Every structure is written in structure tokens, then in C-alpha cells.
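Since the structure comes first, as C-alpha cells, the remarks are kept for the end.
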Amino acid sequence: MDIIKVFGTNLRTYRKKIGLSQEQFAERCGLHRTYISDIERFQRSISLENIQKISDALGIEVYKMFLEEIQ
């Protein structure tokens, strides 16, 4: 399991499910669009604080971001 790929893939999937662009989502999180893009392209490690911000903005529990196959 590559945790960075799992998180980035789940971020993209959940973000698209709620119909937000990277820019809109980044604004909702209080993060920069390029940061979100880097996560979704597996180019960046993520702090625990930002994991919480992202999960809160998606409206899901943190652990779901680390499941290999999301429902």
C-alpha cells in the first residue's frame, strides 16, 4: 500500500463526488490549489493538520481517506 497514492486518489474521488474543482475545494479547506493538485498527483506528503482540514471540507471521517477501496 502506498499511502500517498491512496490518500491522493481518495481525495480526487471524494472531491469530484461533491462536484468541486481543485480551486473551489482548496478555498473550502483554506489551502492553495497547487497544494491540492500536488496531493492528487502524489507529489506531496501531508501534515496531520492538513489531513484533518481536507477531511472536514469533504465532510468525511479521516480514516476513510486511507481506505484502499472507497465505497
Side-chain angles (χ1 to χ4, degrees):
M1 169 204 267
D2 183 336
I3 198 74
I4 292 172
K5 286 185 178 180
V6 170
F7 190 93
T9 299
N10 288 344
L11 171 54
R12 178 179 287 126
T13 301
Y14 283 120
R15 177 181 60 76
K16 287 184 175 189
K17 273 188 179 181
I18 59 174
L20 294 177
S21 68
Q22 286 180 345
E23 188 171 359
Q24 292 167 323
F25 183 73
E27 190 173 308
R28 182 183 279 195
C29 294
L31 301 170
H32 198 274
R33 183 200 58 78
T34 58
Y35 183 78
I36 299 301
S37 174
D38 285 350
I39 295 169
E40 289 185 0
R41 292 182 299 113
F42 324 126
Q43 301 298 308
R44 189 176 290 261
S45 293
I46 311 142
S47 71
L48 291 173
E49 184 177 274
N50 288 341
I51 289 170
Q52 186 67 61
K53 285 181 184 180
I54 288 167
S55 295
D56 289 347
L58 290 169
I60 64 169
E61 296 178 57
V62 171
Y63 80 90
K64 291 184 176 180
M65 295 300 294
F66 298 98
L67 298 176
E68 285 194 78
E69 293 188 29
I70 59 176
Q71 288 89 22

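Because the structure is predicted, anything quoted here is derived from the model rather than measured.
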Find out whether [X] and [Y] are in side-chain contact, i.e. whether some heavy atom of one side chain is under 4.5 Å from a heavy atom of the other.
X: Met65; Y: Ile60; result: yes
X: Tyr35; Y: Ile46; result: yes
X: Asp2; Y: Phe42; result: no

Among Leu11, Val62, Asn10, find the residue that satisfies the side chain to side chain contact (heavy atoms under 4.5 Å, CB included) test when tested with Ile54.
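Result: among Leu11, Val62, Asn10, Leu11 is the only option passing the side chain to side chain contact (heavy atoms under 4.5 Å, CB included) with Ile54.
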Whether [X] side chain and [Y] backbone form a donor-acceptor pair below 3.5 Å:
X: Ser37; Y: Arg33; result: no
X: Glu23; Y: Ser21; result: no
X: Arg15; Y: Leu20; result: yes

Just how far is it from atom [atom1] of [X] to atom [atom2] of [Y], taken to the nearest 0.5 Å?
X: Phe25; Y: Ile36; atom1: CZ; atom2: CD1; answer: 5.5 Å
X: Cys29; Y: Gln52; atom1: SG; atom2: CD; answer: 11.0 Å
X: Ile4; Y: Arg44; atom1: CD1; atom2: CZ; answer: 11.0 Å
X: Leu48; Y: Lys53; atom1: CG; atom2: NZ; answer: 12.5 Å
X: Glu40; Y: Asp38; atom1: CD; atom2: CG; answer: 10.0 Å
X: Thr34; Y: Gln22; atom1: OG1; atom2: CD; answer: 9.5 Å

Can Ile39 and Asn50 be said to form a side-chain contact (heavy atoms from CB on, under 4.5 Å), step by step?
CA-CA 11 Å; Ile39 295 169; Asn50 288 341; over 6 Å; no
Does Glu27 have more than 12 heavy atoms from other residues, nucleotides or ligands lying within 6.0 Å of its CD?
no
